[in-house]
Novice: 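Just passing along the structure, written as structure tokens.
Residue numbers begin at 1 in each chain, while the letters A, B, ... track the order of the sequences. None of these values were measured; they are calculated from a predicted model.
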Amino acid sequence: MNVALVGVSHKTAPVDIREKLHFPEPRLGEALHQLRTQFGFEESLILSTCNRVELVAETSIPDEGLHQLKQFIYEFHQVQPDNFERFLYSYTQTEAVHHIFRVASSLDSMVLGEPQILGQIKNAFTLAKGAGSVGRTLNSVMTRAFYVAKRVRSETGIAGSAVSVSYAAVELAKKIFNKLTGKTVLILGAGKMSEMAANHLTHSGVSRVMVWNRSYPSAVEVARLFKGEAILPEELFKHIQQADIIISSTGAPHFILTREDGERIIHLRKNHPVFIIDIAVPRDVDPEINKVNNIFLYDIDDLRNVVDANMRQRQKEAQSAEDIVRQEVESFVRHSQTLDVAPTIVRLREHWEKVRLDELAKNRKRFGDLSREQEVALENLTQSLLNKMLHGPISELKRVSSQPADGTALDVIKRMFGLKE
Amino acid sequence: MSLILLRLATALYSIGLLHSFLTIIKRQKTLFRIAMFGICSGFMAHFLSILFAWIELKHLPISNLHEVLSFFAFVIVLAFLLSYARYRLDSLSVFIFPLVFILTLGANLVHVQRTMRPEVLKSLWLYIHVPTTFLGYAALFVAFAVGIMYLIQEKELKRKRPQAFYYRLPSLEVCDELGYRALGIGFSLLTIGIVAGAFWASVSLTTSWERDPKIIWSYVTWLIYAVLLHYRLSAGWRGRRAAWLSVIGFIIVLAAFFGTRHQGSAHTFILQ
């Protein structure tokens, strides 16, 4: 696999270094063009996000390719190599494929399992295609990378659970209520966090939003954001039992909901469960309420615990993900080698068959008239000479293809027989 | 022939059971397809096993312990498949198939004796009393399994520290809904079955079958489930309380079944 990769990421360089090497989107086309025309890379791809900058290119001489890629980076960004050399990492061939597969599967991301990276890589790929910088090599590597990423996401839990507090709230709601459609959320008070959580909940299907605030106009204002209803301050306990989910973040110094309130609400709801998220500090809801059957109270620390537990789960799942990636890299390298070999064998035969026919034609006159049998004998002689001569190289090609070696042996044979164009 | 098919069914169920556990432990949905393959093909083999026995005996095969165990396992798998068709709960299989496996294994181990059927069983009532009762108990077993799942999940949610089960079990609402449905269906079937049994006994049995312990216990369990259903409908006994009662109710069913095996007059042929 004649692939070389050079890059920096959040793992190897701080942001002030990464930003100097960032390729702004409008200049990507120009960069790819330069890579092709000035640096001789037939195929290349540039991925530039806030957490990493990576260049991938097809190259038959890996070390030279790496050097050229680095040169390009320094020249394009007009920076001194000495200041940046130590932040760059580089991979070639099988290792490069391994790295690409890992990154696409979000195993190298700051947040394990994050979904954005795949989209970002796909965009970079589309752009490179548009600039004519994608050929057979990059096409097969990248499309396989997308497949591997999909496998990792669907076969492991790496992207499963919520790693932000507001998503964790939605996930918990779904563990209690299954479908959120038709459910009602009540916002007590106001604030960025509660609005964000309510936002996520409505996007996940919650259909009705009620808002309560000590000041009615504030309630109306928040309600408008969600196309919901504002409740009059004195009527809280007339409507509260309609809420399946309650998000509370008022500035009140005391409890707004006590355990007795909880018991009454549950009784009125005929034991339909209630999920209460208490974001306020000091807390709005009496923690004792959690002891009431069918009420589930989570404060901000509890939500963070859930996020931590989810992160630990992701770490565990990362193991399986790494195994999948390793498998896929092996099978990909093996497969691409057989692909490479078959056309080479064909071209080898074709090339020398042509030579045989040419030589036969050129020297035919010297033999004068030949009988039918003699013609056949001549044909057979030249054929069998050729077969015996090619037998060695072709066997070697096949042998090389079945081993997970790198592509240099193949290249040597191609060059030896004049097949490298 | 019937026995061979039963052995095949048992083997296939064990594949289903193993892969259900693997699916849950590794959280890989793709493994469950193998489990379903095992379960469905096992079910078909099991069905054929009972069918062959029926043809051979020329009556419904539930006259001895071997046949009872096999038939009960069969209706439990049927109940599971119906639940799965509607709710698609992979994790439910983990709670249901251990019992199925034990029952079919037991059926395999218990000696198959094609003895002469007791006179009392040669009746059309057999075809009403037994399938409905068994299916009723199977549905109540589903309610039991789902109740356990509910209680485990609820505990994790209350403790607010997600551990192994949190990620692998379905939502509370789904468990509760399936539990409710299974309870309703199970109770209705059980009622029909018990009533049919009572009619049948009054026509064909001469001994004081009313005092048969097995029958008395079946009335007791019927009553427990009637109370549970009543309070679910009227006073909103859902969620945790309903789950507990479904679990306790079925434990009593099991205790009654095994506890009264050696007593009573009406169901003694099951011992053979």
Side-chain angles (χ1 to χ4, degrees), chain A residues 151-158 160-162 168 171-180 182-183 244 266-275 277 287 289-314 316-317 319-321 323-324, chain B residues 22-34 86-91 146 149-181 228 230-245:
Chain A
R151 245 197 94 182
V152 161
R153 289 187 86 76
S154 62
E155 287 181 31
T156 70
I158 199 178
S161 21
E171 182 187 85
L172 284 164
K174 286 188 182 158
K175 280 285 179 202
I176 297 171
F177 294 113
N178 198 39
K179 280 201 180 46
L180 297 179
K183 299 288 185 266
D244 304 291
I266 273 295
H267 181 75
L268 287 169
R269 285 172 61 84
K270 292 206 166 176
N271 281 311
H272 279 289
V274 183
F275 177 39
I277 307 166
I289 245 187
N290 198 44
K291 299 209 174 113
V292 177
N293 264 343
N294 298 322
I295 296 189
F296 300 90
L297 170 64
Y298 279 67
D299 63 32
I300 193 88
D301 281 351
D302 297 324
L303 288 174
R304 289 215 187 94
N305 282 333
V306 171
V307 167
D308 287 342
N310 289 347
M311 272 316 297
R312 281 195 295 274
Q313 273 295 309
R314 284 200 181 189
K316 277 197 204 152
E317 296 295 312
Q319 261 318 302
S320 327
D323 291 336
I324 290 178
Chain B
L22 285 175
T23 306
I24 295 303
I25 292 170
K26 291 181 133 193
R27 289 177 69 196
Q28 245 178 294
K29 281 202 172 280
T30 44
L31 283 175
F32 197 68
R33 277 191 224 131
I34 305 175
R86 173 75 177 80
Y87 290 96
R88 303 251 170 234
L89 302 178
D90 295 356
S91 42
V146 142
M149 287 161 72
Y150 183 96
L151 291 169
I152 296 175
Q153 182 71 292
E154 197 247 10
K155 181 164 212 153
E156 297 244 323
L157 283 168
K158 277 280 188 180
R159 259 162 69 246
K160 302 191 268 191
R161 262 163 182 57
Q163 281 171 2
F165 286 107
Y166 168 78
Y167 298 100
R168 295 169 168 85
L169 289 176
S171 70
L172 294 182
E173 187 169 305
V174 154
C175 292
D176 191 60
E177 194 183 306
L178 175 55
Y180 186 26
R181 280 241 169 95
L228 173 55
H230 167 79
Y231 278 106
R232 261 211 92 126
L233 288 169
S234 65
W237 273 22
R238 63 169 53 79
R240 193 184 158 84
R241 206 172 277 170
W244 264 118
L245 277 170

Novice: Out of A:Lys291, A:Glu155, A:Lys174, A:His272, which one racks up the most heavy-atom pairs below 4.5 Å with chain B?
Specialist: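 Of the options given, most contacts go to A:His272.
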Novice: Which bit of B:Leu31 is near chain A, if near means a heavy-atom gap under 4.5 Å: side chain, backbone, both or neither?
Specialist: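 Neither the backbone nor the side chain of B:Leu31 comes within 4.5 Å of chain A.
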Novice: Given that the side chain runs from C-beta out, which part of A:Val292 has a heavy atom under 4.5 Å from chain B: side chain, backbone, both or neither?
Specialist: backbone
Novice: Against chain B, label A:His267 side chain, backbone, both or neither, depending on which of its atoms sit under 4.5 Å from a heavy atom there.
Specialist: neither
Novice: Which one, A:Asn310, A:Ile176, A:Thr156, leads in non-hydrogen pairs under 4.5 Å with chain B?
Specialist: A:Ile176
Novice: Report yes if the side chains of B:Trp244 and B:Leu151 come closer than 4.5 Å at any heavy-atom pair, otherwise no.
Specialist: yes
Novice: Evaluate the criterion side chain to side chain donor-acceptor pair (under 3.5 Å) for residue pair B:Glu154 and A:Asn294; output intermediate values, then yes/no.
Specialist: CA-CA 9 Å; B:Glu154 197 247 10; A:Asn294 298 322; over 6 Å; no
Novice: Using a 4.5 angstrom heavy-atom cutoff, name the option from A:Asn271, A:Leu303, A:Ile295 with the most pairs to chain B.
Specialist: A:Asn271
Novice: Look at B:Lys158, B:Glu156, B:Gln153 and state which one has the largest set of heavy-atom pairs under 4.5 Å with chain A.
Specialist: B:Lys158
Novice: Salt bridge check, B:Arg232 against B:Asp176: does any charged N sit closer than 4.0 Å to a carboxylate O?
Specialist: yes
Novice: Between B:Glu173 and A:Lys183 (salt bridge meaning N to carboxylate O under 4.0 Å), is one present in this structure?
Specialist: yes
Novice: Quick one: what part of A:Asp308 sits under 4.5 Å from any heavy atom of chain B, side chain, backbone, both or neither?
Specialist: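 For A:Asp308, there is no contact with chain B at all, as no heavy atom is under 4.5 Å.
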Novice: List in chain and number order the residues that pass salt bridge (charged side-chain N to carboxylate O under 4.0 Å, His left out) with B:Arg241, two or more places apart in sequence or in another chain; answer none if no residue qualifies.
Specialist: none
Novice: Are any side-chain N or O atoms of B:Arg168 and backbone N or O atoms of B:Ser91, one a donor and one an acceptor, separated by less than 3.5 Å?
Specialist: no
Novice: Below 4.5 Å from any heavy atom of chain A, which atoms of B:Tyr150 appear? Answer side chain, backbone, both or neither.
Specialist: side chain
Novice: I'd like to know if the side chain of A:Asp302 reaches the main chain of A:Asp299, judged simply by a donor and an acceptor atom lying under 3.5 Å from each other, with no hydrogens or angles considered.
Specialist: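 Here the side-chain-to-backbone pair exists.
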Novice: Which atoms of A:Arg269 come close to chain B, meaning under 4.5 Å heavy atom to heavy atom: side chain ones, backbone ones, both, or neither?
Specialist: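 For A:Arg269, the contact with chain B is made by the backbone alone.
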